[in-house]
Amino acid sequence: MTIPDSSGFHYMMENGSIELPCKPEEERRIVQELTAKAESNLREGNLYYVVSSRWFSAWQRYTGQIEGAYPFEAHPMESQSPIPSNTGDRPGLIDNSDIVVNGGDNKDDDPQLLRTLEEGRDYVLVPQEVWEKLSKWYKGGPVLPRKMISVGDQQKQFIVEVYPLCLRLIDSRDQSEVVIRLSKKASLHDLYVKVCNLKGLQPEKARIWDYFNKQKHSILISSNQTLEDCTLQMDQDILLEVPMDDFGMDSTGNGLALVPVEPVRSPFSIAGGPTMSNGNSTGYSSNINQRGTSTSTYGDMEDGYDGFKPVTRGDRGGLAGLQNLGNTCFMNSGLQCLVHTPDLVEYFLQDYSEEINRQNPLGMHGELALAFGELLRKLWSSGRTPVAPRAFKGKLARFAPQFSGYNQHDSQELLAFLLDGLHEDLNRVKRKPYFETKDSDGRPDEEVADEFWRYHKARNDSIIVDICQGQYKSTLVCPICDKISITFDPFMYLSLPLPSTATRSMTITVFYCDGSGLPMPFTVSVLKQGCCKDLKQALGIACCLRSDEYLLLAEVYEHRIYRYLENPSDPLATIKDDEHIVAYRLPKREADLTRVEICHRYQEIERKPFLTPLVTILEDPQSGADIDIAVSRVLSPLRRKAFITSTTHSSRENGSAANAIDEQMECSCTQLEPMIQSAEEMEPEGMSSKELSFRLCITDDKGYGCRPIAKDSPIKPGRVVKVMLDWTDKEHELYDSSYLKDLPEVHKSGILSKKTKQEAISLFSCLDAFLKEEPLGPDDMWYCPRCKEHRQASKKLDLWRLPDILVFHLKRFSYGRWLKNKLDTFVNFPIHNLDLSKYVKSKDASEGSHVYELYAISNHYGGLGGGHYSAYCKLIDDNKWYHFDDAHVSPVNESEIKTSAAYVLFYRRVKPTSSGTVGEPSDGHRVS
């Protein structure tokens with residue numbers, strides 16, 4: 001067996017390992033099987049290991065797995081064009097130095113991960129069984145084990161706790177500090193054990209305080225309550241005090257309080273009832289915090305302020321920032337937009353206790369509404385003192401575990417959850433009636449719309465429905481029987497696509513499958529948001545594609561065909577600028593022919609692949625002679641023959657293949673005559689008629705293995721035949737391989753690249769794109785009641801009823817299995833007098849004005865993973881705009897709030913004046 005000469009193997013031999021490395025494909029199979037087994041048995045406490053993506057990608061290339069697949073899934077194109085097994089060298093020792101602090105050189109027994117890491121991009125998580133195999137094969141490290149925990153109250157989810165809770169322990173006796181790390185699911189008892197072991201204390205002699213922001217909030221009493229339930233935050237302080245004598249004096253001479261501290265109280269009480277903390281009140285029967293055994297109070301009522309005088313709305317209220325608790329800028333941005341919604345401010349500053357719905361199974365027992373209301377009151381009563389939303393974040397983690405932890409999230413997704421959760425917690429309907437919806441059946445739209453709205457309001461009636469919910473008309477048309485189905489559905493916000501007019505320059509090299517011309521690079525301009533069909537159309541025009549031909553797109557990676565881009569609807573966003581894309585000109589009747597895929601390799605130098613793969617077609621190949629003729633034909637333009645003029649040679653030597661064949665391509669645009677020579681003409685002198693012209697091998701469907709073929713070698717019938725051509729000195733003398741070298745990248749950016757001004761689009765064009773008719777996707781088929789089958793119907797949306805608060809979500813982010821993308825297109829949106837009258841199909845005059853004004857924006861700056869959120873909000877009383885950037889709040893001019901970072905827009909209806917003209921914004925709560 002051939003043993004790879006790698007540092008990893010030498011390391012294993014030096015350390016006495018007797019297990020020889022597996023073949024690459026065997027390693028991949030073992031890892032995939034172990035992963036599948038682990039994923040089928042998820043449970044709390046399972047061990048996973050963090051592995052650097054840099055090393056793991058090298059392992060993926062080596063074992064033939066698609067690089068970037070996370071972590072062991074198959075690429076959707078793998079069945080069409082899998083990577084051969086050994087597309088890279090065997091990686092050396094497992095190297096996690098790029099993802100740990102100080103590169104792992106601090107000799108720490110517990111190396112810490114860098115805080116800026118993103119799963120998938122910087123690291124992957126592998127089950128314990130997989131890590132043990134990888135460690136046995138490759139050694140290395142450092143080892144980074146992490147436990148799986150269960151998060152969420154209503155919807156349990158298993159996640160790997162990559163970043164355990166980090167707490168700074170301050171010893172009051174000498175003010176020394178030490179960092180301790182525990183799972184957020186660890187109990188207060190576990191915390192006491194760890195601290196006491198570290199300090200050499202008896203647990204009964206220690207008192208630990210929640211010391212957030214260097215202020216005593218409450219004593220953490222040893223119990224089974226989790227650190228997460230105590231709202232302890234990443235990197236916050238906890239204070240250790242030790243009684244020194246029977247009089248309760250600590251080492252500093254201060255009296256030690258051994259009872260919970262009453263936190264600073266807000267002058268506002270939640271929902272008009274007794275003042276409470278962490279969503280609990282003696283005035284209500286609630287199950288909040290019933291699980292805990294501690295008598296302490298945890299919450300963020302006292303967070304961020306040192307006591308303040310009672311204030312009323314408008315007395316500098318609404319100018320408090322929100323502290324960032326660790327990548328919570330997304331939450332802070334969304335919250336500031338909601339707490340500056342005038343209708344919500346008025347509602348939550350009043351007594352709303354009667355509207356809390358604790359029995360709603362779709363709600364959160366009123367806890368989310370209580371936490372939000374308490375936070376809103378603090379923000380409107382604390383002046384400019386920042387507030388730390390610890391209790392609110394704790395509630396959010398319990399009821400929406402997708403927002404738990406300290407990763408960056410999407411502010412719009414948070415807003416969608418909050419609006420829906422607040423509605424369910426405040427739903428005035430305690431017992432929802434059942435209605436069977438009826439089809440429109442040709443009835444007037446007004447009648448059907450009112451019927452749907454009555455049904456909806458009978459089941460959903462809250463402050464959120466009153467001010468935030470509208471109604472749109474949805475029309476589906478069956479493409480077979482023309483059945484029309486009309487429904488009227490509620491909406492809380494409108495997610496608008498960005499019909500970007502920005503174009504993208506793409507360079508693709510076109511190859512002839514019949515040997516009728518030299519390969520030629522073409523640069524075409526296509527829409528950034530276009531699909532492969534658009535690229536093919538642009539290329540077809542550029543290369544003068546004949547009516548009996550079509551283009552087959554493929555990505556070439558390491559001199560092999562990595563994948564074919566055969567789905568015309570695949571977005572062009574899946575093609576990166578640094579990739580190498582080719583297009584093969586094939587006859588449209590190719591479906592009846594056999595496709596021959598030809599890769600090249602050096603015969604003399606380790607037989608490594610080189611050059612660009614070629615594709616040709618054959619009709620029912622029977623033997624190696626047929627393959628030999630096909631290879632000769634497709635290589636014929638590269639022959640060093642008289643038809644390549646001296647001009648061509650000189651142009652090519654100057655590095656311009658395009659100039660070299662301009663004249664030839666002009667001919668092809670009229671009618672290209674194939675330059676095909678017979679196999680006998682191409683056969684080198686001295687070559688026996690029983691031998692092939694080339695040294696050829698047949699590989700299997702996956703590109704593995706090589707079987708030499710002769711002229712009479714039978715060819716197994718199949719849709720695709722993969723051939724490996726070995727280049728010897730003879731081939732280099734006969735053919736000019738320079739045309740197959742150095743494929744251009746799709747787009748080469750550089751200092752000299754021409755920068756075009758970013759094109760802007762209007763909010764109205766986004767709305768037009770949202771409302772335009774389009775067919776449903778194949779995964780979203782509609783069941784036609786007339787055909788009794790699922791059909792790919794066409795769908796058209798129209799606005800019917802608009803709410804007082806209208807929220808627009810600009811869809812800047814696109815998430816795919818293999819791609820994440822953000823659009824930074826500038827959207828020009830009105831600040832005043834957004835008139836939507838022409839979009840509203842209802843003619844009911846009682847609805848009021850369809851004119852809106854802007855009052856809040858959630859902004860996102862930067863790219864995916866490392867971006868930042870902030871908010872622009874207008875204080876209606878002051879008629880001034882402010883920038884809320886976490887804890888920092890500053891005034892901003894209205895002329896500065898329009899940026900390409902705008903992500904979620906908040907508008908409020910403008911109330912008509914008595915004369916019928918547009919006047920002040922409406923303060924009404926209910927949508928008619």
Side-chain angles (χ1 to χ4, degrees), residues 2 4 24 64 81-89 511 513 515 518-519 554 556-562 580 582 584 594-618 621-641 677-716 718 720-743:
T2 303
S81 56
I83 299 183
S85 63
N86 190 10
T87 61
D89 295 331
F511 290 81
C513 73
L518 288 165
V556 174
Y557 177 73
E558 292 190 348
H559 310 291
R560 298 177 186 268
I561 293 179
Y562 183 81
H580 301 89
V582 298
Y584 299 105
T594 297
R595 186 188 302 169
V596 180
E597 185 181 305
I598 305 164
C599 290
H600 316 265
R601 66 180 179 182
Y602 283 109
Q603 171 67 23
E604 306 299 336
I605 308 176
E606 300 181 4
R607 295 193 174 187
K608 287 188 175 181
F610 79 125
L611 304 182
T612 303
L614 300 173
V615 171
T616 186
I617 46 93
L618 279 176
Q622 300 291 325
S623 66
D626 296 326
I627 303 296
D628 190 61
I629 292 173
V631 173
S632 296
R633 181 173 66 241
V634 78
L635 286 179
S636 60
L638 308 182
R639 285 177 64 87
R640 303 180 189 272
K641 287 282 189 175
Q677 293 175 292
S678 67
E680 289 79 8
E681 291 176 312
M682 295 182 182
E683 187 174 289
E685 294 182 9
M687 179 69 69
S688 168
S689 62
K690 295 183 179 180
E691 297 177 359
L692 292 177
S693 304
F694 305 95
R695 295 187 181 183
L696 300 174
C697 297
I698 296 290
T699 65
D700 58 24
D701 290 339
K702 296 184 178 181
Y704 303 156
C706 280
R707 176 174 58 86
I709 59 173
K711 277 195 172 183
D712 56 354
S713 298
I715 301 301
K716 184 179 178 181
V720 178
V721 175
K722 298 197 174 187
V723 177
M724 185 66 71
L725 167 62
D726 288 328
W727 282 64
T728 63
D729 291 340
K730 180 195 72 173
E731 278 73 36
H732 284 290
E733 291 175 3
L734 285 174
Y735 300 100
D736 186 348
S737 63
S738 63
Y739 292 106
L740 303 182
K741 293 180 180 178
D742 303 324
L743 277 178

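Here the closest non-hydrogen pair linking P637 and G515 is CG-O, 3.2 Å. H600 and L611 make their closest contact through CD2-CB, 3.8 Å (heavy atoms, listed as atom of the first residue, atom of the second, distance).
Between R560 and P609, the closest side-chain pair of non-hydrogen atoms falls below 4.5 Å. By the 4.5 Å heavy-atom criterion applied to side chains, V556 and Y562 are not counted as neighbours. Annotation: side chain of L618 is in contact with side chain of R633 (closest heavy-atom distance under 4.5 Å). Side-chain atoms of D626 and I715, non-hydrogen and from C-beta on, never get closer than 4.5 Å to each other. No side-chain heavy atom of I617 sits less than 4.5 Å from a side-chain heavy atom of T594. With a 4.5 Å cut-off on side-chain heavy atoms, I627 and L692 do not count as touching. Residues P519 and F511 form a side-chain contact, since some pair of their non-hydrogen atoms from C-beta on lies under 4.5 Å apart. Between I561 and V615, some side-chain heavy-atom pair lies under the 4.5 Å cut-off.
Of the possible donor and acceptor atoms, one in the side chain of D628 sits under 3.5 Å from a partner among the backbone N and O of S693. Remark: the backbone N or O of V596 is not paired with any side-chain donor or acceptor of T616 at under 3.5 angstrom. In this structure, S713 contributes its side chain and G624 its backbone to no donor-acceptor pair below 3.5 Å. Using modelled atom types, no side-chain atom of T699 and backbone atom of C706 make a donor-acceptor pair closer than 3.5 Å.
Taken to the nearest 0.5 Å, the SG atom of C697 stands 5.5 Å off from the CG atom of D726. For the atom pair CD1 of I598 and CG of L725, the computed distance is 7.5 Å after rounding to the nearest 0.5 Å. Between R639 atom CZ and E731 atom CD the span is 11.0 Å, to the nearest 0.5 Å. The distance from the OH atom of Y739 to the CG atom of L638 is 8.0 Å, given to the nearest 0.5 Å.
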Under the side-chain contact (heavy atoms from CB on, under 4.5 Å) criterion, do E597 and V723 qualify, and how do the steps go? CA-CA 6 Å; E597 185 181 305; V723 177; over 6 Å; no

Could you go through the side-chain contact (heavy atoms from CB on, under 4.5 Å) check for Y602 and H732 one step at a time? CA-CA 10 Å; Y602 283 109; H732 284 290; 4.2 Å; yes

Between L635 and L614, does the side-chain contact (heavy atoms from CB on, under 4.5 Å) criterion hold? Intermediate values first, please. CA-CA 9 Å; L635 286 179; L614 300 173; 3.7 Å; yes

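With 3.5 Å as the limit, one finds no donor-acceptor pair spanning the side chains of S623 and D712.
Taking the six-membered ring where the residue is Trp, W727 and F610 present perpendicular rings, their angle passing 60° and hence far from 30°.
With F694 as the aromatic partner, K730 meets the cation-pi criteria of under 6.0 angstrom to the ring centre and within 45 degrees of the ring axis.
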